[in-house]
K.L.:
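Here it is, the structure, as structure tokens.
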Amino acid sequence: MQEIDWANLGFGYMKTNYNVRCTFKDGKWGEIEVTDSEYINIHMAATALHYGQEIFEGLKAFRGKDGKIRIFRLEENARRIAESAKGIKMEPIPEDIFRKMVVKAVELNAEFVPPYGSGASLYIRPLEIGMSAQVGVKPSTEYLFLILVTPVGPYFKEGFRPTNICVMREFDRVAPKGTGRWKVGGNYAASMAAGERAHELGYSAVLYLDPKEKKYLDECGPANFFAIKDGKYITPDSESILPSITNKSLMQLAEDMGIEVERRHILLEELADITEAAACGTAAVASPVAEIDDLDTGVKYVVSKDGEPGPITTKLYNQLRGVQLGDVEDIHGWNTIVEVNE
Ligand code: PLP
Ligand code: COI
């Protein structure tokens, strides 16, 4: 195996040993297959290619001090991808197949689970695509479900350092009753123009407003958003955002610490009264926010006065990492432990 500089990994693709696949055909899911090919043989008229029948997930496996590999909350990702499938008329993958395939993908690529202390993890990317040839706009009858894995470092290159984000009204990522609540590839295509514009201007992400009224906060690029206001953890309640498993976990950890949690509509103007903020997601973990600039009004909300991550964000981040790495007791039963003889 090639030498990997674990501590300096970015968030990118690296070839690993194997990926696992399962096909839905003739009304049923087939056997789980293992391959070392990085390619898919796909019909040129497949619904995934023309009409965007593509959904995906993202979860992580971590190596603990004890050498054990832990996969974080895979049942939640199994449920969410089944919801995404129903949302765009694809075939939901049964939870037991999802679980078996995630575990298999990790076992077969165990040597790519970064060492404890490196700060890196194994990113697990399940995806499902519509495979059958259709020219009319209708759902596929055949689906491929595939899981690839790749070792990753931090999503934002700054890691756990505050970055600036921006609000812009020029683009919407999703429609009010659209696909934002599902993890559909098309949502990310729709976010690229705004995301690239934000990057060109030096921002790490766009903080989207609700697409209907542009009054409330929605989410932050490929992550949810939370803030600390009057000592409370506040996070948007919206029908156009992805229900983040990281956010759900942080809300639980906040409650465990005695911090009040409010999931509600958050007005843009409330940003003037927050003391901390972060983007949270599997890839982003909890990435602290320094400043939020409204590109249309010129208002700048300075969140971190000293340029440091806030104390509550830091505590929540450490607690979440602690559970994921096995340093903190997993009282909610979030980890699936994979035993491998390496
Ligand atoms: N929101 C969007 C749009 C995302 O792509 C992600 C990433 O998966 C999240 C939020 C965070 O979700 P999770 O914490 O389940 O990874
Ligand atoms: C994740 O956090 O897992 C994501 O899917 C975000 C992004 C890389 C699309």
Side-chain angles (χ1 to χ4, degrees), residues 11 13 19-22 24 40 47-49 51-61 71-95 97-99 101-102 105 121-131 139-140 143-150 152 155 171-192 194-195 205-208 210-211 218-226 235-251 279-285 287:
F11 193 88
Y13 175 80
N19 60 85
V20 290
R21 305 177 182 199
C22 189
F24 181 88
I40 296 169
T47 63
L49 300 180
Y51 304 127
Q53 271 201 314
E54 194 274 350
I55 53 177
F56 68 102
E57 270 304 325
L59 62 160
K60 279 178 173 172
I71 308 172
F72 190 65
R73 303 198 80 171
L74 70 84
E75 302 78 10
E76 292 286 333
N77 295 89
R79 259 178 244 137
R80 191 169 66 187
I81 199 166
E83 286 306 310
S84 297
K86 289 180 216 156
I88 61 165
K89 296 287 174 197
M90 295 173 67
E91 185 64 29
I93 185 92
E95 185 172 330
I97 302 181
F98 182 94
R99 164 181 284 278
M101 287 177 70
V102 169
S121 54
L122 187 74
Y123 187 65
I124 305 163
R125 170 56 65 85
L127 66 130
E128 184 177 335
I129 51 178
M131 295 293 277
S140 178
Y143 292 92
L144 172 67
F145 179 77
L146 181 155
I147 300 182
L148 64 89
V149 300
T150 194
V152 294
Y155 187 71
F171 305 96
D172 287 314
R173 182 181 170 270
V174 293
K177 290 197 187 293
T179 53
R181 68 200 117 147
W182 304 309
K183 209 160 164 60
V184 168
N187 297 344
Y188 298 79
S191 76
M192 284 192 195
V206 178
L207 177 56
Y208 289 96
D210 79 276
D218 246 359
E219 59 183 335
C220 189
N224 272 185
F225 176 84
F226 76 83
T235 191
D237 183 13
S238 163
E239 63 185 1
S240 48
I241 67 174
L242 193 75
S244 156
I245 297 158
T246 311
N247 198 4
K248 187 172 173 181
S249 308
L250 291 170
M251 286 191 258
C280 62
T282 298
V285 194
S287 299

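Throughout, numbering of the chain's residues begins at 1 and tracks the sequence.
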K.L.:
In terms of relative ring orientation, are Tyr123 and Phe11 parallel, tilted or perpendicular, with 30° and 60° separating the classes?
P.N.:
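Judged by the thresholds at 30° and 60°, the geometry between Tyr123 and Phe11 is perpendicular.
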
K.L.:
Distance only, no hydrogens: is a donor on one side chain within 3.5 Å (strictly under) of an acceptor on the other, for Asn187 and Thr179?
P.N.:
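Note: Asn187 and Thr179 side chains meet the donor-acceptor criterion.
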
K.L.:
Under 4.5 Å between any side-chain heavy atoms of Thr246 and Asn224, yes or no?
P.N.:
no

K.L.:
Please verify the inter-ring angle class for Phe145 with Phe98; under 30° counts as parallel, over 60° as perpendicular, anything in between as tilted.
P.N.:
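Because their plane-to-plane angle lies in the 30° to 60° range, the rings of Phe145 and Phe98 count as tilted.
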
K.L.:
Do the side chains of Gln53 and Pro139 get nearer than 4.5 Å, heavy atoms only?
P.N.:
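With C-beta onward as the side chain, the pair touches.
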
K.L.:
Looking at every non-hydrogen atom in both residues, tell me the closest pair between Gly52 and Ile88 and how far apart they are.
P.N.:
O-CD1, 4.0 Å

K.L.:
Ignoring hydrogens and geometry, is there a side-chain-to-backbone donor-acceptor pair from Ser244 to Gly281 under 3.5 Å?
P.N.:
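No: the side chain of Ser244 does not pair with the backbone of Gly281.
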
K.L.:
Any Lys/Arg nitrogen of Lys177 or Glu239 sitting under 4.0 Å from an Asp/Glu carboxylate oxygen of the other?
P.N.:
yes

K.L.:
Glu54 versus Leu127: any side-chain heavy-atom pair under 4.5 Å?
P.N.:
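With C-beta onward as the side chain, the pair touches.
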
K.L.:
Which residues pass the salt bridge (Lys or Arg N to Asp or Glu O under 4.0 Å) test with Glu57, sequence neighbours left out?
P.N.:
Arg80

K.L.:
Hey, does Leu59 have a side-chain heavy atom less than 4.5 Å from the side chain of Pro126?
P.N.:
yes

K.L.:
I'd like to check Lys183 versus Ile55 (side-chain heavy atoms, cut-off strictly below 4.5 Å). Are they in contact?
P.N.:
no

K.L.:
Does the side chain of Leu148 come within less than 4.5 Å of Tyr13's, by heavy atoms?
P.N.:
yes

K.L.:
Tyr208 versus Ser191: any side-chain heavy-atom pair under 4.5 Å?
P.N.:
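Tyr208 vs Ser191: side chains touch.
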
K.L.:
Should Pro176 and Ser240 count as side-chain neighbours, where that means a heavy-atom distance under 4.5 Å?
P.N.:
no

